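Here the structure is a predicted model, which is why all the values come from computation and not from measurement.
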Amino acid sequence: MREPLYFIQDLLCAVLRRYLMIHVICGILSVKGRFIKKEKQIAAGYVALSMAFYMAANYLSVFTLLLYGDRRGMLESRRSILPLLLNIALLLVYSLYFYSGKKSKICYTVFTIYTLNELIMFTLHSLFVALLGGMSDMLTKQVTEGNEFFLQNYWTIFEIYQFFWNLSFQTLLCLAFYYITKILKQNLIYESKELSRVQELFLAVPSATGMSIGIMLRSIMYSYKDMDNQFLMDRYPETRLLIPLISGLCIFSIILSAVILRKLVESGEREMLVEIYQNRINDMEEHMKDVEHLYDGIRGMRHDMRNYVADLGILLQHDGKNCGDYGKEVQKYLDGLYLSMEELDMKCSTGNPVTDVVISRKMRRAQEIPFECNFIFPEGIGISAFDLSILLNNGLDNALEASEKEDNPYIRLDSYRKENMFFIEIRNAFSGRLTLDETGKNLITGKPDSSIHGLGIKNMKNCAEKYYGTLRWEVRNQEFLLAIMLQGKEK
C-alpha cells in the first residue's frame, strides 16, 4: 500500500511542478503568431512530453542504467545532474520552437525557472531533513526508554510520519515555487521592451550562480559507498544551516536583480518621457517664434506701407535727369521691398498653417541644399497638425544634418494618402553607414552627447504609435529613406 501512495504522490507533484514551469513561461514569453490561441495545448504538450521523460528515466531499466549507471535507479546524487541538464534542454528547445522573442530572453527564462526550482528544493530539503532526523531521534528515545506503544508501533508511526513528511515537502515545494516565480514574472514583464547586453548580464549572473551552486550540491549531497549511503549533512552538520542559507540568498539575489532592473527601466522610461515632452515643448516654442516673427513682419510691413508708397510716388515724380543712375536706384528700392516681403512668404503651401511654418523654416535653413517638397496636409482623417509637426521637425532635422556632410546633398519630402492611411517619406543623400543600438532596432545618432541620443526617433515613434503607425528606414543607392505610416480616422 505504501509504494502506490508514494508513486501517486510523486507523480502528482512532478505534473504540478512542470505545469507551473510552463505557466511561468506563458506569462513571460508570448507564443509565435502561428500558435496564437493554442496556449493551453502547448502547455499540455510540454507537461505530457516532460512526464514521459520522467517516467522513462525513473521506471524503465534501460533509461535508468543509461542515466544513473544502475538499473536500480539513482544511488548517488551526482547521477542526477545529467537528467537535470536534459530536462533543461527539453524545456529550452520546446520554448524556442513555440515562443517568440530574443533567444537570450528565452534562454534566461528557462534557465532561471530551473535554477529557482533547484534552489527552493535544496532550501526546503535541508529543513525537512532536520525535521525527519528530529522525529527519528524522538522515536528512538521512546523505544530505548521502554515505551510499549512505540515499541509495538515503531515502524507504523515512522511510516505515517514519513508519508506526511513527504506530502508536506512536495506541497510546500510547489507553493514556494508558485509564489516565487509569480514575483519573478511580475518583474520581468517590460511590455515588450528590449534589454541591453549589460542589463541581460545583470539578470543572468545571479541565475548562473544559483545553478552552479545547485549542481555542486547535487554532486556532493549523498553518495553510495561500501554498501552504505553517506550523507553530506551527516558528515558535516554545519551544512544543515549553510545549505538553506546559501540557497535562500541565491533565490533572493535572483528576485532582487529582477526587481532592481525593473525599477531602473521604469526610471529610465520616465526620464526619457521628460526629455520627449521637453523636446515637444521646444518644438512648440520654435513654432510660436516663427508665427510671431511672421505676424510682427506683417504688422511692420502694414505700418511702413504708407511710407513705401509715398517714397515710390516721390521717385516716380522725378524725371531722372538730375538724379544719377535713376533707374538702378528705383530698382534697388523695389528689390529691397521684394526681399522684405519674401521673408514673410511661406516657402511651401501644404494646406495647413502649422505644417506650412515647420516646412518653410526647414527650407530656409537648407539654404543651398536642393529641397523638394510635395507634402499635402491630410484633411478629414483626424491626424493632429501638432503631431505631424513633431514628425516633420525631427525627420527634416535629421535629413538636414546628414545632407550637410554630403558632396551632392538633396532633400525630398513626399506624402500621399490611401483612404484613412497617410504616408510620409523623407529622402536625403547619405553615403555613410547606419549605427544601430544593441537591440538592432533603434538608430544611434552621431552627436557627441550620448545621454540624449535618439530622442528625435523616440519622439517620432511615440507619435506614430499614437496613430497605430510605424517608422521604417533604409539606405539604398546612397540615399536614406525614412518612411512613416499613420492610420487616421475618417470623419
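For the atom pair CG (L116) and CD1 (I180), the distance works out to 6.5 Å, reported to the nearest 0.5 Å. Atom CD of Q41 sits about 10.5 Å away from atom CZ of F98, to the nearest 0.5 Å. C174 SG to L16 CG: the interatomic distance, rounded to the nearest 0.5 Å, is 4.0 Å. Once rounded to the nearest 0.5 Å, the distance linking CD1 of I254 with CG of L203 reads 10.5 Å. Of the inter-residue distances, the one linking L388 atom CG with I484 atom CD1 reads 9.0 Å to the nearest 0.5 angstrom. The CG atom of L396 sits 9.5 Å away from atom CG of N428, with the distance rounded to the nearest 0.5 Å.
By the 6.0 Å contact criterion, CZ on F53 is enclosed, its count of non-hydrogen atoms from other residues, nucleotides or ligands being greater than 12. Surrounding NZ of K182 are at most 12 heavy atoms belonging to other residues, nucleotides or ligands under 6.0 Å away. The environment of CZ in F231 is crowded: more than 12 heavy-atom neighbours from other residues, nucleotides or ligands sit within 6.0 Å. Counting non-hydrogen atoms of neighbouring residues, nucleotides and ligands closer than 6.0 angstrom, the CZ atom of R235 reaches no more than 12 such neighbours.
F422 and F375 have perpendicular rings, their planes meeting at more than 60° on a 0 to 90° scale where under 30° would count as parallel.
When all heavy atoms are compared, the tightest approach of F202 to S257 is CE2-O, 3.2 Å. The shortest heavy-atom contact between L96 and K32 is O-NZ, 3.0 Å. In plain terms, the two heavy atoms of L119 and G210 that are nearest each other are CD2-O, 3.6 Å. Across all non-hydrogen atoms, the minimal contact from T123 to G248 is OG1-N, 3.7 Å. A208 and F111 make their closest contact through CA-CE2, 3.9 Å (heavy atoms, listed as atom of the first residue, atom of the second, distance).
At least one side-chain heavy atom of V259 sits under 4.5 Å from a side-chain heavy atom of K263. By the 4.5 Å heavy-atom criterion applied to side chains, K105 and L29 are counted as neighbours. Q487 is not listed as a side-chain neighbour of T470, based on a closest heavy-atom distance of 4.5 Å or more. The closest side-chain heavy-atom distance from S219 to I81 is below 4.5 Å. Using a 4.5 Å heavy-atom cutoff, the side chains of I215 and E118 are not in contact. Annotation: side chain of H23 is not in contact with side chain of T181 (no heavy-atom distance under 4.5 Å). In this structure, the side chains of T112 and L184 come closer than 4.5 Å at one or more pairs of heavy atoms. Counting heavy atoms from C-beta on, the side chains of R17 and F177 never come closer than 4.5 Å.
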Going through the checks in order, is the side-chain contact (heavy atoms from CB on, under 4.5 Å) test met by E465 and M460?
CA-CA 9 Å; E465 289 171 0; M460 297 170 75; over 6 Å; no
List the steps and the verdict of salt bridge (charged side-chain N to carboxylate O under 4.0 Å, His left out) for R472 and E474.
CA-CA 7 Å; R472 178 178 62 85; E474 65 178 40; 2.9 Å; yes
Working for side-chain contact (heavy atoms from CB on, under 4.5 Å), residues M51 and L11
CA-CA 9 Å; M51 284 305 299; L11 193 65; 3.3 Å; yes
For M21 and N87, run side-chain contact (heavy atoms from CB on, under 4.5 Å): C-alpha distance rounded to whole Å, both residues' side-chain angles, the deciding distance at 0.1 Å, then the answer.
CA-CA 12 Å; M21 287 180 182; N87 274 299; over 6 Å; no
Test salt bridge (charged side-chain N to carboxylate O under 4.0 Å, His left out) on E425 and R427; report intermediate values, then the result.
CA-CA 6 Å; E425 292 183 351; R427 302 172 187 271; 3.0 Å; yes
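Residue S431 is tested with Q478, E406, E479 for a side chain to side chain donor-acceptor pair (under 3.5 Å); the sole match is E406. Paired with I424 under the rule side-chain contact (heavy atoms from CB on, under 4.5 Å), one option of D414, L482, L413, L471 passes, and it is L413.
For the pair R240 and E238, the salt-bridge criterion is not met [side-chain N within less than 4.0 Å of a carboxylate O].
Side-chain atoms of Y467 come within 3.5 Å of backbone N or O of S384 as a donor-acceptor pair.
For Y97 and F35, the gap between ring centers is short of 6.0 Å.
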